[in-house]
Asks: 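A single structure is presented below for examination.
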Amino acid sequence: MAGVTKSSFGKLKSGAAVDIYTLTNKNGLVAKIMTYGATLTELHTPDKDGKMADICLGFDSVAKYEKGHPYMGSTVGRYCNRIGKGRFTLGGKTYKLATNNPPNHLHGGGPKAWDKVIWKAQIVARPNGPAVQFTYFSKDGEEGYPGNVNASVIYTLTEANTLKMEYAATTDKPCPINLTNHAYFNLKGKGTILDHELYIAAKSYTEGDEDLLPTGKILPVVDTPYDFFAQPAIVGDRLLAAGGKEPNIGYDLNYVLLPGAKGYATVARLSEATTGRLLEIRTDQPGLQFYTGNFLDGTLTGKGGWKYVQYSGICLETQHFPDSPNHKNFPSTILMPGQTYRTKTEYALLVK
Ligand code: BGC
């Protein structure tokens, strides 16, 4: 039945209850999002023969999420991706954040990073499909960041078969904000993503150092293994040339997206030949982190007993550039009091 249902997804160790919302659209697509981390836990889409599969990595209990995982399906904030040495200066004051990805800050930091907190949820009316709004109030100083911040994300599973995420945030002190959804996709719902084909609408990328922190340089992708614009390619074909430290070889870099007409564009297309599934990513964001699950090592067992080995899933995280607060040449990520941060990203769930 099309619509939204709410159910219990268990409890955290603290006893706090976690709910899960199931969105079903008229075409029978299903998305599940839980209040812990406003996390996308399942996404069921048809293949070319109409056969459904869950194309997102994740776990079947909240205990497994709480035990720790690399942001599978999470809403990541206040600042997704890396901030160099966990430090930035704003209004003459230097702020210190957790260096949870030594020597840098990653994905909002420690226990109060937004993927690890419980968001409030309410079913909302949207003209184009079933929707749920998640809200979180982050106190001044939480994870070292300045300002009381009210954040929200509305997930809508549209009748056009897109999962849309609309983010908003306000603050009472200047603060960097950079939100993303960290879904790991596998269009077969099993195996690895090495056989998936990818297009990215970018002619350049932000160069990273050995800890994946931007050097500040923006380099062209042409004639590199990073070119998925002039040369859409099978992900596995050039993977060994993509960089990374042994054994974590693979893609893990931020693309500088080509600006779309009206500020909103299709920025990536991921497809898989045997199922015919095609995922199109649309966004208004300037950057996209492309990550091939290089750090997955088979120690986590996900839904249905699936062992998450290296390259089990692919992340295409729409965002601002990493470490923007420390790079004046990158688009600003500072939200000011009185302003509202707004951004949207859509996963179009198509078949070829
Ligand atoms: C980063 C990776 C990181 C992964 C999981 C991605 O967004 O680019 O370097 O390992 O998140 O934390």
Side-chain angles (χ1 to χ4, degrees), residues 37 39-40 56-59 64-86 97-111 113-116 143 165 176 178-186 192-193 198 200 202 205-215 226 228 235 239 242-257 267-268 270 281 283 285-300 302 308-324 330 333 345 347:
T39 303
L40 175 65
C56 272
L57 275 54
F59 304 92
K64 284 198 177 168
Y65 281 99
E66 194 182 12
K67 221 169 148 195
H69 68 102
Y71 307 90
M72 287 183 173
S74 307
T75 296
V76 182
R78 290 186 190 186
Y79 198 99
C80 65
N81 216 314
R82 291 172 174 81
I83 294 184
K85 307 226 161 34
L97 312 169
T99 48
N100 57 315
N101 185 240
N104 302 315
H105 176 82
L106 178 68
H107 293 331
W114 293 1
D115 62 293
K116 294 178 193 69
E143 290 298 332
M165 287 142 295
N178 189 20
L179 304 184
T180 196
N181 175 270
H182 205 300
Y184 287 66
F185 296 104
N186 181 315
T192 76
I193 48 72
L198 182 65
I200 299 178
Y205 67 103
T206 54
E207 184 188 46
D209 70 9
E210 56 165 15
D211 294 313
L212 300 168
L213 193 72
T215 61
Y226 309 133
F228 289 88
V235 170
L239 187 90
K245 285 186 218 163
E246 282 282 2
N248 308 113
I249 303 301
Y251 290 95
D252 196 354
L253 75 158
N254 172 65
Y255 283 86
V256 176
L257 296 171
V267 297
L270 181 70
I281 311 234
T283 192
Q285 289 290 286
L288 179 84
Q289 185 81 13
F290 167 37
Y291 169 58
T292 39
N294 316 333
F295 295 98
L296 299 176
D297 59 5
T299 52
L300 293 174
Y308 293 140
V309 297
Q310 201 173 32
Y311 317 128
S312 290
I314 209 166
C315 301
L316 294 160
E317 306 151 52
T318 56
Q319 55 183 236
H320 265 259
F321 304 168
D323 201 26
S324 297
F330 290 177
T333 52
T345 290
Y347 300 146

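Just so you know, ligand 1 is whichever comes first in the structure, and atom 1 is the first atom listed for that ligand. Note that this is a predicted model, so its numbers are computed, not measured.
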Asks: Does Gln319 use its side chain to pair, donor to acceptor, with the backbone of Gly287 at less than 3.5 Å?
Replies: no
Asks: Is it the case that Ser324 and Thr333 place a side-chain donor and acceptor less than 3.5 Å from each other?
Replies: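 The answer is no; no qualifying pair exists.
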Asks: Could you find the nearest protein heavy atom to atom 4 (C) of ligand 1 and give me its residue, atom name and distance?
Replies: Tyr291 CE2, 3.7 Å
Asks: Treating Asn100 as the side-chain partner and Gly109 as the backbone partner, does any N or O pair qualify as donor plus acceptor under 3.5 Å?
Replies: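 Between the backbone of Gly109 and the side chain of Asn100 there is a qualifying donor-acceptor contact (under 3.5 Å).
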Asks: Report the distance from atom CG of Asn181 to atom CG of Asp115, rounding to the nearest 0.5 Å.
Replies: 11.0 Å
Asks: I'd like to know if Leu106 contacts ligand 1, where contact means a heavy-atom distance under 4.0 Å to any ligand atom.
Replies: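 Per 4.0 Å heavy-atom rule, Leu106 contacts ligand 1.
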Asks: Please state which protein non-hydrogen atom is closest to atom 6 (C) of ligand 1 and give its distance, to 0.1 Å?
Replies: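 Answer, as residue, atom name and distance: His182 NE2, 3.3 Å.
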Asks: Only heavy atoms of Gln289, strictly under 4.0 Å: list the atoms of ligand 1 that pass.
Replies: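 It comes down to these atoms of ligand 1: 8 (O).
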Asks: Hey, is ligand 1 close enough to Tyr71 that some N/O pair sits below 3.5 Å?
Replies: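 No; the residue has no nitrogen or oxygen that sits under 3.5 Å from a nitrogen or oxygen of the ligand.
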Asks: Do me a favour and list the nearest non-hydrogen protein atom to atom 7 (O) of ligand 1 with residue, atom name and distance?
Replies: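 Answer for atom 7 (O) of ligand 1: Glu317 OE1, 2.7 Å.
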Asks: How close does the nearest protein non-hydrogen atom get to atom 9 (O) of ligand 1, and which residue and atom is it?
Replies: Asp252 OD2, 2.5 Å
Asks: Please evaluate residues Arg82 and Asp323 with respect to the criterion side chain to side chain contact (heavy atoms under 4.5 Å, CB included), reporting the C-alpha separation (whole Å), side-chain torsions for both, the decisive distance (0.1 Å), and the verdict.
Replies: CA-CA 6 Å; Arg82 291 172 174 81; Asp323 201 26; 5.6 Å; no
Asks: Would you find a donor on one side and an acceptor on the other, under 3.5 Å apart, between the side chain of Thr292 and the backbone of Tyr251?
Replies: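 Judged by distance alone, yes, a pair lies under 3.5 Å.
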Asks: Looking at atom 10 (O) of ligand 1, what's its closest protein heavy atom, distance included?
Replies: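 Going by distance alone, atom 10 (O) of ligand 1 is nearest to Phe295 CD1, 3.2 Å.
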Asks: Closer than 4.0 Å to some heavy atom of Arg82 - which atoms of ligand 1 meet that?
Replies: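 Ligand 1 atoms under the 4.0 Å threshold to Arg82: 1 (C), 2 (C), 8 (O), 9 (O).
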Asks: Would Phe290 and Phe228 count as a close aromatic pair, with their ring centres under 6.0 Å?
Replies: yes
Asks: Using atom types as modelled and distance alone, determine if a side-chain donor or acceptor of Tyr184 lies under 3.5 Å from a backbone N or O of Tyr311.
Replies: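 Pair absent, no side-chain N/O of Tyr184 close to backbone of Tyr311.
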Asks: Counting non-hydrogen protein atoms only, what is the nearest one to atom 5 (C) of ligand 1? Give residue, atom name and distance.
Replies: Tyr184 OH, 3.8 Å
Asks: Select one of side chain, backbone, both or neither to describe which atoms of Leu212 lie under 4.0 Å from any atom of ligand 1, heavy atoms only.
Replies: side chain
